[in-house]
Protein chains: 2
Amino acid sequence: MIEQEEEIRKKLAEKGYRLTKQRQVVLEVLRGTQSHPNADWIYQEVRKRMPNVSLGTIYRTLNVLKDAGLIQELNYGSSSRRYDGKVTSHYHITCIKCGRVMDIDLPPFVELEHRAEAVTGFKVTGHRLEFYGICPECYSSLKR
Amino acid sequence: MIEQEEEIRKKLAEKGYRLTKQRQVVLEVLRGTQSHPNADWIYQEVRKRMPNVSLGTIYRTLNVLKDAGLIQELNYGSSSRRYDGKVTSHYHITCIKCGRVMDIDLPPFVELEHRAEAVTGFKVTGHRLEFYGICPECYSSLKR
DNA sequence: TTACTTGCAAATGATTTGCTCTAAA
DNA sequence: TTTAGAGCAAATCATTTGCAAGTAA
């Protein structure tokens, strides 16, 4: 399930980074949650295993992991950036009541990029699609 | 072309806001540009016409105009929020080389929301779709 | 007249950075 | 052994807020 340590080391090395204990733990924390946490939440989790880690290291680590293609950054919407241990392209939906972010099980709509390319003249390299709505829990509490 | 002053006043009044000179000028600046500027750029522009305006007022004004539905906030991606004088729903494309943001002339894909709703169980209220790519200018300079 | 708004400056929150020491390769 | 990385604290950047004075309705 979890990517081999050597695989991770290799991806880091390609960008000139080393594999450190801190980077390993951040990655494990991110892969071990369904939530899409921000730096501070990750910091609290990592501290449980490494009490001396600093928030600055968390930020630096997240940028390194992102640069190495090991994690994904989801910074649209809220005031702080959120991270995702999944790197395969997929969409998210945010609950406008409780702020929860969920993965959406839909394949990427590549045809959207073709249409954008045709209309703009840009060489389109990617897209981001974010849905907003009310989650089942919040929806039922609205009716109560 | 430009919405009537009374129309603007009405939209503000619906939310309990007054129409002030500052709000008028910010709105005019935003409607008078094709770019999708951030608060600081708007501040510089407004200062040309109102030298005593403060940056705090710009921020407050942008939030008021957004709340009244007179402008749109585009805060995904870059470190500072960008604003758009158009409120009709449309998509954007960002050049990953020069940072330019352009409007895309495509109708909203409402069927995407239906598919997300079917898959997640959320009551979907909206979506945001952002494209990334290389603009024609940057693309041709790459080949030089 | 009376709230709502402004300008100003200080405060806040998220993220980055400089520096010295530590540890990965 | 060499050089990237960690921890700590200070710095930075974008945005918000408290307050006294100004102004739209």
Under 4.0 Å between a side-chain N/O of [X] and OP1 or OP2 of [N], yes or no?
X: B/Asn52; N: C/dT6; value: no
X: A/Arg81; N: C/dT16; value: yes
X: A/Thr20; N: D/dA6; value: yes
X: A/Arg9; N: C/dA25; value: yes
X: B/Arg23; N: C/dC4; value: no
X: B/Ser54; N: C/dC8; value: no

- Query: Would you call A/Arg9 and A/Glu5 a salt bridge, taking side-chain N to carboxylate O under 4.0 Å as the test?
  - Reply: yes
- Can we say B/Glu137 and B/Arg100 salt-bridge, meaning some charged N sits less than 4.0 Å from an Asp/Glu carboxylate O? yes
- Task: Determine the contact category for A/Asp40: base if any of its heavy atoms lies under 4.0 Å from a base atom, sugar-phosphate if only primed atoms, P, OP1 or OP2 are that close, otherwise nothing.
- Result: nothing
- Using a cut-off of 4.0 Å on non-hydrogen atoms, how would the nucleic acid contact of B/Asn38 be classed: base, sugar-phosphate, or nothing? nothing
- Item | Output field: ring centroids A/Tyr132/B/Phe122 closer than 6.0 Å | no
- Do B/Tyr59 and B/Tyr43 have their ring centres less than 6.0 Å from each other? no
- Message: Taking the minimum atom-to-atom distance to the side chain of A/Tyr17, which one of D/dG5, D/dC8, C/dA14 wins?
- Response: D/dG5
- Taking the side chain of B/Arg18 as heavy atoms from C-beta outward, which of D/dT23, C/dT15, D/dA6 is closest to it? D/dT23
[X] has an atom [atom1]; how far is it from atom [atom2] of [N], in whole Å?
X: B/Tyr59; N: C/dA10; atom1: OH; atom2: P; value: 18 Å
X: B/Gln22; N: C/dT6; atom1: CD; atom2: P; value: 5 Å
X: A/Lys21; N: D/dA6; atom1: NZ; atom2: P; value: 13 Å

- Toward the 5' end of DNA chain C, by each residue's nearest nucleotide, A/Leu19 or A/Leu55: A/Leu55
- Item | Under-3.5 Å donor-acceptor pair between A/Arg60 side chain and C/dG18 base | yes
